[in-house]
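Proteins come first, then strands; the chains are lettered A, B, ... in the order of their sequence lines, and each starts at number 1.
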There are 2 protein chains.
Amino acid sequence: MTSTESPIRLLLADDHPVVRAGLRAVLETEEDFEVVADTATAEGAVDLAARLDLDVVLMDLQFGGALHGAQATAEITAREGAPRVLVLTTYDTDADILAAIEAGATGYLLKDAPPEELAAAVRTAAAGKSALAPTIALRLMDRMRTPATALSRRETEVLQLVADGLSNAQISKRLFLSQATVKSHLVHIYSKLGVDSRTAAVAAATTRGLIRR
Amino acid sequence: MTSTESPIRLLLADDHPVVRAGLRAVLETEEDFEVVADTATAEGAVDLAARLDLDVVLMDLQFGGALHGAQATAEITAREGAPRVLVLTTYDTDADILAAIEAGATGYLLKDAPPEELAAAVRTAAAGKSALAPTIALRLMDRMRTPATALSRRETEVLQLVADGLSNAQISKRLFLSQATVKSHLVHIYSKLGVDSRTAAVAAATTRGLIRR
DNA sequence: TGCGGCATCAACCGAAAGGTGGAGTATCGG
DNA sequence: CCGATACTCCACCTTTCGGTTGATGCCGCA
């Protein structure tokens, strides 16, 4: 496997210094990888991706600051001749995964991945092929298989307010609806999520990443 | 500061290979640190802490497996001549912090801490002194200042189950209580949080970091 | 053009949750 | 020992929520 090819040039974007150091340590043991730079912010990632000649950006989703990793991913991939973006995060909620893929991410990995899997994914991404962690692939399949899990826009809106702690009466006022309509939406939400109470719906939707927390 | 003392002997316990590598990389640049071993499980941490001669254990709270970091911490610190345990986690909820401290942790750090802070905390912990991240210290101060916001252990337990989507009946069975008791706890919780429904309580407690997730 | 999904609303019933008041036990610190 | 807190439980009442049935208008897609 010893190659004379030019190495795969990487950028690491993660707000945790420890994680950046860990990725560097893990990836630099690979002969064909070269970690060109790292950054603690999403803004920094966008900036560096534009100026450096990169093959793959390893991007976290959760940054301490304002800009989200998914938005940064969208900005990076929007450019001509942009590097591939490989999302590397702790969470595996539907919302995160879909947002990342829609933003143009080439792959989606979880931080608990073993080093070999990580290296393999980087090579896959560098080659322009999609790299999904097994867990993620499964979750996507699940989503396709049961489209009932997908809430409508209005339903999501209602459920979000429920999660914020509002009563049906408060929700109806907020959205200019009758309470009957709110209840109607909730009934549909319950059946889609397979639950039978507002708190259970919030719990289910949260773990599936259907709503913000 | 160059010391001829014996080095501070460390154990790293974290289920993320990348984080372990990162901690190793960061800590081994310090002259007076020696990373003796690392482990991916809480069980492994308990085992190694008993057999190796250690000064400080760096312990994550969230492990993929069954045993929780706080429980492992309790088991480790229960022994005679046990090493200090420094909790290093991503989350900073009241529940996690208190559980860790009650379990006998000497310090509590967040993973986004810069390397210098991390090294300083390890030395502080090795000396047997308490090492808290500024964020954590603030949160604890807050808790002291407004004891009304502080939920009791039992109340937190009940509220966590509410957040998980359980009904009063389910909670009463789970905790071997009557429904009257569950309702009683909830009434107290509502008044402490200044809300008047279970969903609002969950929302309030979540934003204040009183419960997980 | 008709079917289905979405969004809207009404009326009704039973069940769950919330509100009030009281009360007994246990523990801990002053 | 006393007082405060936490934890447990009971009874009664009111309000909210959940479940059902049924109905209307709109939009997109086949």
Looking only at side-chain N and O atoms, does B:Ser178 come under 4.0 Å of OP1 or OP2 in D:dC10? yes

A:Asp164 side-chain N/O to A:Leu166 backbone N/O, donor-acceptor pair under 3.5 Å: no

Determine: side-chain N/O of B:Arg153 to OP1/OP2 of D:dA6, distance under 4.0 Å, yes or no. no

How long is the line joining CD1 of A:Ile171 and P of C:dA7, in whole Å? 15 Å

Under 4.0 Å between any heavy atoms, over every strand shown, what does B:His188 touch: base, sugar-phosphate, or nothing? Just pick one. nothing

State whether A:Tyr190 places a side-chain N or O below 4.0 Å from either non-bridging phosphate oxygen (OP1 or OP2) of D:dG19. no

Give a yes or no answer on whether the side chain of A:Arg208 reaches the backbone of A:Leu193 with a donor-acceptor pair at less than 3.5 Å. yes

Phosphate OP1/OP2 of D:dT16: any A:Ser167 side-chain N/O under 4.0 Å: no

Please tell me whether B:Thr181 and B:Ser184 have a donor and an acceptor in their side chains that are separated by less than 3.5 angstrom. no

Candidate nucleotides D:dG18, D:dA6, C:dC6, ranked by approach to the side chain of A:Lys192 - the nearest: C:dC6

Categorize A:Ser152 for me: base, sugar-phosphate, or nothing, with a 4.0 angstrom heavy-atom threshold over every strand shown. sugar-phosphate

Please report, rounded to the nearest Å, how far the P atom of D:dT15 is from the CD atom of A:Gln179. 14 Å

Residue whose nearest DNA chain D nucleotide is more 5′ - B:Thr181 or A:Val195: B:Thr181

Can you figure out which of C:dA10, C:dG18, D:dC9 approaches the side chain of B:Ser197 most closely? C:dG18

Whole Å only: how far is the CG atom of A:Leu177 from the C1' atom of C:dC6? 13 Å

How long is the line joining CG of B:Asn168 and P of C:dA17, in whole Å? 4 Å

Nearest to the side chain of A:Lys183, heavy atoms from C-beta on, is which of D:dC7, C:dT8, D:dG19? D:dG19

